[in-house]
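Here is the structure we will look at, set down as structure tokens.
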There are 2 protein chains.
Amino acid sequence: MVEKVLPKGEYTYDYERPALTVDLVIYTVKDNDLKILLIKRNSEPFKDMWAIPGGFVQNGETLEQAANRELFEETGVRDIYLEQLYTFGEPGRDPRGWVVTVAYIALISSDNLKLFASTDAQDVSWFSVYQKPTLAFDHEKILDYSLKRLRAKLDYTPVAFQLLPKKFTLTELQRIYEIILNKTLDKRNFRKKMLSLDIIKQTEEMKRDGNHRPARIYTFSERKFPVNYLS
Amino acid sequence: MVEKVLPKGEYTYDYERPALTVDLVIYTVKDNDLKILLIKRNSEPFKDMWAIPGGFVQNGETLEQAANRELFEETGVRDIYLEQLYTFGEPGRDPRGWVVTVAYIALISSDNLKLFASTDAQDVSWFSVYQKPTLAFDHEKILDYSLKRLRAKLDYTPVAFQLLPKKFTLTELQRIYEIILNKTLDKRNFRKKMLSLDIIKQTEEMKRDGNHRPARIYTFSERKFPVNYLS
DNA sequence: ATAATAGTGTCTGTGAGACAGTATTCT
DNA sequence: AGAATACTGTCTCACAGACACTATTAT
């Protein structure tokens with residue numbers, strides 16, 4: 001604890017400084033489930049426990065660049081949806097010292113996921129948010145918070161599209177909502193709502209799977225969605 | 001810029017560390033206007049420019065404690081509404097070096113404001129958000145962002161009550177909304193809405209000012225407001 | 001024909017927003 | 001009586017949510 005008292009409002013540089021990290025809650029929808037990327041720790045503290053990926057912010061980069069860099073290192077994916085969540089700085093959140101972390105949410109679409117293969121030695125894996133190990137540090141708290149935010153944002157921003165390929169059917173879109181909200185939605189009301197929002201565009205293509213009627217394919221067009229106040 | 005590359009996922013302590021500050025956008029409603037507290041800088045950089053109050057986070061305290069401490073130092077007020085806004089870490093945002101800041105929004109009610117008198121030598125003053133000097137550092141950006149958030153939150157959380165004394169009339173409450181949103185509201189619709197929300201309680205008291213009908217006094221009771229997902 | 005999924009329309013209730021006149025107090 | 005502010009009710013429209021049947025394809 002620093003005891004020194006400075007004149008009010010005056011900046012100086014001889015205060016003790018925290019280590020600054022970014023941590024990422026990386027979501028995807030896969031196998032009909034909402035999943036997050038976790039990494040198994042191979043050193044103390046919390047050795048052998050799972051944690052969300054993260055790393056130090058370097059001087060000269062923005063926080064967002066640091067988050068993107070970590071994201072790329074862990075997943076091999078670039079240019080995906082990334083949003084600052086919250087900054088956690090509780091003393092004692094890292095037993096080794098003063099570490100403040102800026103947490104981000106990242107969303108990877110299922111087709112980008114195919115690029116993800118180059119995982120090296122480290123133990124990295126996707127877990128269902130509904131069935132996952134207990135996390136290291138304060139990562140449970142970060143995850144809880146991120147999930148609340150993700151669900152809330154579903155209502156008033158087009159984040160769900162970040163989890164789908166460019167082309168998708170309305171049923172696929174509905175599944176994304178259902179999986180994240182963890183409840184079933186009425187098909188007629190859902191379609192009515194989505195079509196009224198004017199953010200998706202019909203294509204002439206149809207998707208045909210099995211022995212049933214083919215589904216029309218749509219594209220995300222992002223026109224008048226109630227705009228997030230963050231933008 | 002640190003060049004060293006570490007094994008993925010491994011924490012260490014020999015990275016360069018940023019200075020960490022908290023900055024506060026402190027709002028109040030006063031003289032029929034939305035005001036923020038600004039401090040005139042008395043040293044370089046940005047000497048003689050106005051800035052939002054802030055200061056270093058100390059090891060051993062939470063970010064919120066740091067924000068509360070700064071708040072108390074600047075205003076003499078404790079235990080008021082405080083909310084983390086966003087963390088700003090653009091390289092170059094402070095010309096003297098690497099300084100990351102966690103920005104907070106604070107709301108002071110007009111009656112708490114009366115306690116505020118002990119401002120020492122420093123040049124501290126309330127400015128209308130609609131008529132204020134250009135701010136130092138990236139504080140314009142922080143202010144813009146905070147105002148968007150404050151306005152958005154008015155719609156779905158009872159933050160407005162934080163700016164009023166415990167007892168208030170419906171007209172006073174409406175004025176808070178009008179001043180923050182910078183537009184007039186329909187009196188009948190406003191009252192209908194507020195009363196339907198079940199978050200204010202009628203008292204038996206009346207407020208009588210001038211030569212006109214007295215106004216009923218209400219109290220904030222916080223029952224079923226659409227709950228913020230942050231809570 | 002059957003199985004499987006895609007696709008569609010109506011009704012009801014609720015809330016938002018537009019809109020104007022009466023009530024009470026003081027001087 | 002007049003000035004000033006408090007207080008109130010109705011109508012319309014849009015949206016949310018409940019709800020069930022038809023359409024198309026492959027086998």
Side-chain angles (χ1 to χ4, degrees), chain A residues 32 151-158 160 164-165 167-219 223-227, chain B residues 32 151-158 160 164-165 167-219 223-227:
Chain A
N32 252 349
R151 283 175 176 158
K153 281 213 144 185
L154 224 44
D155 282 339
Y156 62 99
T157 56
L164 281 173
K167 295 174 172 185
F168 51 85
T169 69
L170 288 181
T171 301
E172 287 165 352
L173 181 59
Q174 185 176 344
R175 281 303 291 145
I176 297 284
Y177 275 80
E178 290 180 335
I179 288 166
I180 296 177
L181 297 176
N182 202 21
K183 67 178 180 190
T184 59
L185 300 173
D186 182 85
K187 185 192 266 202
R188 287 159 295 184
N189 292 338
F190 181 82
R191 294 161 106 91
K192 209 193 319 169
K193 180 74 189 301
M194 280 301 148
L195 294 171
S196 78
L197 286 176
D198 206 28
I199 52 170
I200 57 178
K201 228 172 15 198
Q202 225 188 59
T203 70
E204 290 314 304
E205 294 173 72
M206 304 294 272
K207 173 171 183 176
R208 39 193 82 228
D209 301 88
N211 47 341
H212 55 82
R213 180 169 171 176
R216 184 162 295 278
I217 290 178
Y218 289 81
T219 296
R223 236 162 294 167
K224 63 160 187 203
F225 208 97
V227 182
Chain B
N32 252 349
R151 283 176 176 157
K153 281 212 144 184
L154 268 196
D155 283 339
Y156 63 99
T157 56
L164 280 173
K167 296 175 170 183
F168 52 85
T169 68
L170 288 181
T171 301
E172 288 165 351
L173 180 59
Q174 185 176 343
R175 281 302 292 148
I176 297 283
Y177 275 79
E178 290 181 333
I179 288 166
I180 295 178
L181 297 175
N182 201 22
K183 68 178 180 191
T184 59
L185 300 173
D186 181 87
K187 185 190 263 199
R188 287 159 295 185
N189 292 338
F190 181 82
R191 293 162 105 93
K192 209 193 318 168
K193 180 72 189 301
M194 280 301 148
L195 293 171
S196 78
L197 286 176
D198 207 27
I199 52 169
I200 57 178
K201 230 174 12 200
Q202 226 187 59
T203 71
E204 291 313 306
E205 294 173 70
M206 305 293 272
K207 172 174 184 175
R208 38 192 84 227
D209 310 81
N211 47 339
H212 55 81
R213 180 170 173 176
R216 185 163 295 278
I217 290 178
Y218 289 81
T219 296
R223 232 162 296 166
K224 64 161 186 205
F225 208 96
V227 181

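A, B, ... follow the sequence lines: proteins, then strands. Residue 1 opens every chain. Computed over heavy atoms, backbone and side chain alike; hydrogens, waters and symmetry mates excluded.
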Practice task
Pick out which of A/L173, A/I180, A/I179 makes a side chain to side chain contact (heavy atoms under 4.5 Å, CB included) with A/Y177.
Solution key: A/L173

Practice task
Please list, in 5' to 3' order, the outermost nucleotides of DNA chain C lying under 4.0 Å from any heavy atom of chain B.
Solution key: C/dA16 to C/dC26

Practice task
Specify the separation, in whole Å, of atom CG of B/D209 and atom C1' of D/dC7.
Solution key: 15 Å

Exercise for the section: Assign B/T171 to base, sugar-phosphate, or nothing according to its heavy-atom contacts below 4.0 angstrom with the strands shown. Expected result: sugar-phosphate

Completion exercise
Rounded to whole Å, CG of A/L195 lies from C1' of D/dC15 at a distance of 15 Å

Practice task
Using whole Å, report how far CD of B/E205 lies from P of D/dA6.
Solution key: 17 Å

Problem - Euclidean distance, atom CZ of residue B/F168 to atom P of D/dT5 [Å, nearest integer] - result: 21 Å

Practice task
Whole angstrom is fine here: how far is it from CZ in B/R216 over to C1' in D/dC7?
Solution key: 11 Å

Practice task
Begin from the C-alpha positions of A/K207 and A/D209 and carry the test side chain to side chain contact (heavy atoms under 4.5 Å, CB included) through to its verdict.
Solution key: CA-CA 7 Å; A/K207 173 171 183 176; A/D209 301 88; 3.8 Å; yes

Completion exercise
Heavy-atom nearest pair, A/I200 first then A/F168, reads CG2-CZ, 3.9 Å

Practice task
Please examine the side chains of B/L154 and B/I176, heavy atoms only from C-beta on, and report whether any two atoms are closer than 4.5 Å.
Solution key: no

Exercise for the section: Would you confirm whether B/Q202, through its side chain, and B/R216, through its main-chain N or O, come within 3.5 Å as a donor-acceptor pair? Expected result: no

Practice task
Measure the distance from CG on A/L197 to C1' on D/dC15 and round it to the nearest whole Å.
Solution key: 11 Å

Handout entry: Spacing between A/M194 atom CE and D/dA16 atom C1', to the nearest angstrom
Key = 13 Å

Exercise for the section: With a 4.0 Å heavy-atom cut-off, tell me which residues in residues 185-192 of chain A come close to DNA chain D, sorted by residue number. Expected result: A/D186, A/R188, A/N189, A/K192

Handout entry: salt bridge (charged side-chain N to carboxylate O under 4.0 Å, His left out) partners of A/R175, counting only residues at least two apart
Key = A/E178

Problem - Nearest-0.5 Å distance that lies between atom OG1 in B/T171 and atom CZ in B/F190 - result: 9.0 Å

Exercise for the section: Check whether any side-chain heavy atom of B/K193 sits under 4.5 Å from a side-chain heavy atom of B/L197, and report yes or no. Expected result: yes

Problem - side chain to side chain contact (heavy atoms under 4.5 Å, CB included) between B/Q174 and B/D186, worked out - result: CA-CA 9 Å; B/Q174 185 176 343; B/D186 181 87; over 6 Å; no

Problem - Interatomic distance, A/K193 NZ vs D/dG17 P [rounded to whole Å] - result: 8 Å

Completion exercise
Comparing nearest nucleotides in DNA chain D, the 5'-proximal residue of the pair A/R208, B/E172 is B/E172

